[in-house]
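In listed order, ligands and their atoms are each counted from 1.
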Amino acid sequence: VHGVPPSLSAKVVGSFAYLTVRDRLPTILTKVIDTIHRNKNKFFEEYGEEGIQAEKQTIGLLSKMRNELQTDKPVIPLTDSLQDAECWNQYLQKHQKLHGDQESVSWFKSPWLYVECYMYRRIHEALWLNPPISDYDVFNEGKTQSFFESQQAVMTICTHLEGVNSNIENLSKNQLFEHFDKLLQVSLWGNKCDLSISAGQDNSQKTSPIDSLVSLQPLILVNDSNTVWSTLISAQTHARSEKTTVRVDIVLDNAGFELVTDLVLADFLVSSGLAHEVHFHGKSIPWFVSDVTAHDFQWTIQQTMASNHKCMSKIGYQWKSHLKDGVWSYHDHPFWTQPHEFCDMAADAPDLYANLQGADLVLFKGDLNYRKLVGDRDWDHTVGFGTALQGFGPAPLCSLRTLKANVQVGLQPGQAEKLTSHEPDWMTCSKYAVIQFYSSKAE
Ligand code: F6P
Ligand code: MG
């Protein structure tokens, strides 16, 4: 399309995409292999000799893939018979046609977004081809550990929520906004805790998530929280007069502390009456190391319920009943684990697009979702968020993202240059963040 900048790619030597494909992805793959190997005895205990065979063969497939990556081989079609394999293979064919030949669709020459997604899909394939360990989530240990390592912060945030909820009926609109704004920021900074930027190393929340907000405020490069608030308020007014409900969707990112912050925000939204329904969207396969799957979602709520900490377990029970009553619901459309940019959603996943159109506000958590929102392209930093979305806009939407990849739009003239002069890696060090809103209605 005319005027659309190129995709970020590892073909730009020295770029963050290049370093990711050269260093970080192989490190993640090696960890995956180690984890499977370390669990050999467990597989043996559960499945006998068959378990050992599965372990060996899965490792074989993964080592082969690591070698393909490191020697910049062409990306090859998937061979499993899972439902989305066809879609991946068609996507590959389309790219090969577009770029002329097979060789150009290689690990380093392809768009970064595509190869990075592809690696996680190939990990899934390797396991899937080896029953009985097909359903083994190789990232589960890390996700569980990061949840427990953030326990103190989880308790703090649950205690905070309980305090807010206990007095929620008596709050003025301004006070309600202040609480909303705080919890939105807690959920934003929760995104620091992903395990893929750290290649699986501990990256849990150690400090108090509430006390640190003031000092983090200047690091929010774009802050549209006022517009997010007014969107919710007008949705509420509209719902009252039309006798309908307000629905907020949260497109989740990482399990562990980040998920807790998202659940806390969602709890506040329904407890305050700002929303009547929250739809959570997670991943249907293990993804980008720490992304939330259905299992992680249920497990986190179970763990919260089972806590010895009184507030935490009370809140956990509340979450369970939100799910039971249908106030909250969990969804995992396969589109979220495909490589597409979100501007393709209307054409490639029309059911999901139509579903999101039913929301009054969609919150997109994290870096990968941001990359998909703006197509992971080398945009000028002053290009408007609406332009970079390239027509995507099923509902008013807001990205809550800490910056981990070199793409950022919607900045003021000069803002990026100033940042670059002080901190050349401002886009990738996950120190900065955005609360970036867009609605086609505002145009
Ligand atoms: O460099 C970007 C990255 O590490 C990618 O692996 C991925 O896009 C992202 O960060 C993961 O972060 P998040 O969990 O916030 O999507
Ligand atoms: Mg993630």
Side-chain angles (χ1 to χ4, degrees), residues 7-10 12 14-29 31-32 69 107 111-121 123 137 139-140 142-143 146-147 150 187-201 203-205 250-262 280-293 296-297 300 332 336-342 363-378 398-408 425-436:
S7 304
L8 300 178
S9 167
V12 181
S15 67
F16 193 68
Y18 171 82
L19 297 174
T20 295
V21 178
R22 193 192 66 179
D23 304 330
R24 190 149 50 95
L25 299 188
T27 305
I28 291 172
L29 266 178
K31 284 229 167 99
V32 166
L69 183 162
W107 285 83
W112 170 29
L113 178 64
Y114 171 63
V115 286
E116 197 172 15
C117 292
Y118 173 79
M119 181 186 89
Y120 290 95
R121 183 57 180 80
I123 295 174
D137 179 353
F139 302 119
N140 186 58
K143 288 185 275 195
S146 115
F147 175 82
S150 312
S187 165
L188 168 69
W189 292 114
N191 180 244
K192 266 194 182 188
C193 303
D194 95 272
L195 298 175
S196 106
I197 195 80
S198 60
Q201 295 284 2
N203 195 13
S204 54
Q205 177 80 23
I250 305 183
V251 183
L252 297 169
D253 187 359
N254 304 300
F257 182 68
E258 180 172 2
L259 175 58
V260 174
T261 65
D262 300 335
F280 297 96
H281 300 269
K283 308 295 194 293
S284 52
I285 62 172
W287 198 245
F288 279 67
V289 188
S290 44
D291 285 17
V292 177
T293 62
D296 301 328
F297 188 81
T300 304
D332 55 6
W336 303 120
T337 47
Q338 283 163 10
H340 306 72
E341 309 169 15
F342 290 161
L363 299 175
F364 286 91
K365 293 296 316 280
D367 194 73
L368 176 62
N369 278 323
Y370 191 82
R371 291 171 62 196
K372 289 186 164 192
L373 282 166
V374 300
D376 210 36
R377 290 171 185 279
D378 195 14
C398 179
S399 157
L400 299 175
R401 170 221 187 190
T402 60
L403 280 63
K404 300 167 192 151
N406 26 17
V407 54
Q408 182 59 54
D425 66 344
W426 62 276
M427 270 185 288
T428 54
C429 61
S430 60
K431 169 176 162 191
Y432 293 94
V434 292
I435 301 178
Q436 200 160 26

### Task
May I ask whether Asn254 places a heavy atom under 4.0 Å from ligand 1?
yes
### Query
Among protein heavy atoms, which lies nearest atom 4 (O) of ligand 1, and at what distance?
Arg24 NH1, 2.7 Å
### Task
List every atom of ligand 1 that sits less than 4.0 Å from any heavy atom of Asn191, numbering the atoms from 1 in the order shown and giving each element.
15 (O)
### Message
For ligand 1 and Asn369, I'd like to know whether there is a polar contact (N/O to N/O, distance under 3.5 Å).
### Response
no
### Query
When the ring planes of Phe364 and Trp336 are compared, do they come out parallel, tilted or perpendicular, using 30° and 60° as the limits?
perpendicular
### Task
Could you check atom 10 (O) of ligand 1 against the protein and tell me its nearest heavy-atom contact, residue, atom and distance included?
Asp367 OD2, 3.5 Å
### Query
Considering distance alone, does some N or O of Trp112 sit under 3.5 Å from an N or O of ligand 1?
no
### Task
If you have a sec, work out which protein heavy atom is nearest atom 11 (C) of ligand 1 and how many Å separate them, to one decimal?
Ser196 OG, 3.5 Å
### Task
For the residue pair Trp426 and Tyr432, categorise the inter-ring angle as parallel (less than 30°), tilted (30 to 60°) or perpendicular (more than 60°).
perpendicular
### Task
For Gly366, take its heavy atoms, then give the atoms of ligand 1 lying under 4.0 Å from any of them.
15 (O)
### Task
To the nearest 0.5 Å, tell me how far Leu400 CG sits from Trp189 CH2.
11.0 Å
### Query
Which residues and atoms, counting only protein N, O or S, are under 2.8 Å from the Mg ion (ligand 2)?
Asp253 OD1, Asn254 OD1, Asp291 OD1
### Query
Between Gly142 and Leu195, what is the shortest heavy-atom contact and its length?
O-CD1, 3.6 Å
### Value rounded to 0.5 Å, distance of CG in Asp425 from CG in Leu403
11.0 Å
### Task
State if Phe16 counts as touching ligand 1 under the rule of any non-hydrogen atom under 4.0 Å.
yes
### Summary
Glu116 heavy atoms within 4.0 Å reach ligand 1 at atoms 5 (C), 6 (O)
### Task
Check for a donor-acceptor pair, side chain of Lys365 on one end and backbone N or O of Gly190 on the other, with a separation under 3.5 Å.
no
### Task
Keeping the roles fixed (side chain from Asn191, backbone from Leu188), state whether a donor-acceptor pair exists under 3.5 Å.
no
### Among Asp376, Leu25, Ile28, Val21, the one residue meeting side chain to side chain contact (heavy atoms under 4.5 Å, CB included) with Glu116
Leu25
### Query
Once the angle between the rings of Tyr120 and Phe288 is folded into 0 to 90°, is it parallel (under 30°), tilted (30 to 60°) or perpendicular (over 60°)?
parallel
### Query
Testing Thr428, Thr20, Asp194 for side chain to side chain donor-acceptor pair (under 3.5 Å) with Lys404, which one passes?
Asp194
### Query
Which residue and non-hydrogen atom of the protein lie closest to atom 1 (O) of ligand 1, and at what distance in Å?
Lys404 O, 2.7 Å
### Task
Indicate, as side chain, backbone, both or neither, the part of Arg401 found under 4.0 angstrom from ligand 1 when only non-hydrogen atoms are considered.
neither
### Task
Please tell me if the side chains of Leu29 and Ile123 come closer than 4.5 Å, counting only heavy atoms from C-beta onward.
yes
### Query
Do you know the tightest heavy-atom contact between Asp262 and Ile250?
O-CD1, 4.0 Å
### Message
Looking at non-hydrogen atoms alone, which of Ile28, Asp253, Leu368 comes nearest to atom 14 (O) of ligand 1?
### Response
Asp253
